[in-house]
Amino acid sequence: APAPALLELRDLHVFYGAIEALKGVELTVAEGEVVALLGANGAGKSTTLKTASGMLKPRSGEVVLRGERVDGIPSHELVKFGIGHVPEGRRVFARMTVLENLQMGAYRLRRPDPADLDRVFTLFPRLAERRKQVAGTLSGGEQQMLAIGRALMGKPELLLLDEPSMGLAPLIVQQIFDILREINEQGTTLLLVEQNASQALQLADRGYVLETGAVVMSDEASELLSHPRVRAAYLGEA
Ligand code: ATP
């Protein structure tokens with residue numbers, strides 16, 4: 001039997017003023033999966049993640065978490081429901097230390113767990129070494145690690161990641177993807193937006209392709225990787 005759905009997005013319509021950015025997005029993430037969300041600039045990938053994390057409220061449609069409707073619940077409340085969001089551009093607290101940033105990730109929890117900090121420092125030894133460093137002076141890759149670590153401090157069952165590889169050198173991108181795999185193997189479900197379609201589909205179980213606010217393809221990641229249309233549009237092949 002298929003794993004039960006952890007997240008379901010049902011017929012989402014999301015507007016910015018008069019602009020309809022999502023035109024009926026449907027998407028399911030099963031417990032334990034890694035799902036990649038691909039699409040060109042402006043297709044609506046970030047908008048989809050922001051709606052799933054409660055940062056945006058859909059005009060119509062539903063965000064369903066483990067069978068329960070959560071659209072309309074603000075993002076800081078959704079942390080308690082087990083959704084973590086690593087936004088585009090990382091957005092760490094630049095003037096706070098690494099440790100303070102991580103502690104901020106746990107402050108909404110009813111019962112912060114010291115083991116979570118150990119887990120993050122084990123996943124990211126670089127952050128452990130730099131725990132007292134001010135976050136604004138970290139490299140881009142380290143800031144991305146910190147943004148992921150901070151989200152993990154909220155004990156997410158589902159981690160939403162918006163372009164974790166953006167602007168990073170290939171070696172660092174590989175490290176980040178290796179760690180994402182480890183995080184998934186430890187039991188966290190991942191929904192990942194990526195321009196780097198090749199890396200994302202190698203990590204993912206399944207993928208969705210968005211075009212102008214709607215899902216135009218969805219399939220097993222291996223199928224998408226070999227699909228001529230995906231290869232031409234997102235993997236840089238003619
Ligand atoms: P990118 O990879 O460039 O971030 P994306 O697929 O994540 O693209 P979104 O950021 O979700 O796309 O944007 C979807 C559409 O909504 C685009 O047409 C964009 O211009 C529009 N949009 C996004 N944010 C806003 C905003 N704050 N105000 C108005 N329009 C917006």
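Numbering starts at 1 and runs along the sequence shown. Both counts, for ligands and for their atoms, begin at 1 and track the order of listing.
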Should you measure from each heavy atom of [X], which atoms of ligand 1 turn up under 4.0 Å away?
X    : value
A40  : 6 (O)
S46  : 4 (O), 5 (P), 7 (O), 10 (O), 11 (O)
E163 : 2 (O)
Q195 : 2 (O)

Does the protein put any heavy atom within less than 4.0 Å of atom 26 (C) of ligand 1?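 Yes, at least one protein heavy atom sits under 4.0 Å from atom 26 (C) of ligand 1.
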State whether any protein heavy atom lies less than 4.0 Å from atom 16 (O) of ligand 1. yes
Just to confirm my output: which protein heavy-atom neighbour is closest to [atom], and how far is it?
atom                    : value
atom 11 (O) of ligand 1 : T47 OG1, 2.5 Å
atom 18 (O) of ligand 1 : G42 O, 3.9 Å
atom 31 (C) of ligand 1 : Y16 CD1, 3.2 Å
atom 3 (O) of ligand 1  : N41 OD1, 3.2 Å
atom 12 (O) of ligand 1 : G44 N, 3.2 Å

Are [X] and [Y] close enough for a salt bridge, meaning some N to O gap below 4.0 Å?
X    : Y    : result
R66  : E68  : no
E26  : R10  : no
E220 : R206 : no
K155 : D116 : yes

Looking at L37, V29, V25, which one forms a side-chain contact (heavy atoms from CB on, under 4.5 Å) with Y208?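 When L37, V29, V25 are each tested with Y208, the side-chain contact (heavy atoms from CB on, under 4.5 Å) holds only for L37.
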Decide yes or no for I183 and I148: does some side-chain heavy atom of the first lie under 4.5 Å from some side-chain heavy atom of the second?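 SC-SC contact between I183 and I148 confirmed.
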May I ask which of K45, E20, E88 has a heavy atom nearer to atom 5 (P) of ligand 1 than the others do?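 Considering heavy atoms of K45, E20, E88, the nearest to atom 5 (P) of ligand 1 sits in K45.
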State whether F124 and R130 meet the cation-pi test: NZ (Lys) or CZ (Arg) under 6.0 Å from the six-membered ring centroid, and within 45° of the perpendicular axis.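 No, R130 and F124 do not form such a contact.
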Considering distance alone, does some N or O of A21 sit under 3.5 Å from an N or O of ligand 1?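 Min N/O separation from ligand 1 is not below 3.5 Å for A21.
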Is the backbone of T97 close enough, under 3.5 Å, to the side chain of E100 for a donor and an acceptor to pair up by distance? yes
Are the side chain of E33 and the backbone N or O of A30 linked by a donor-acceptor pair below 3.5 Å? yes
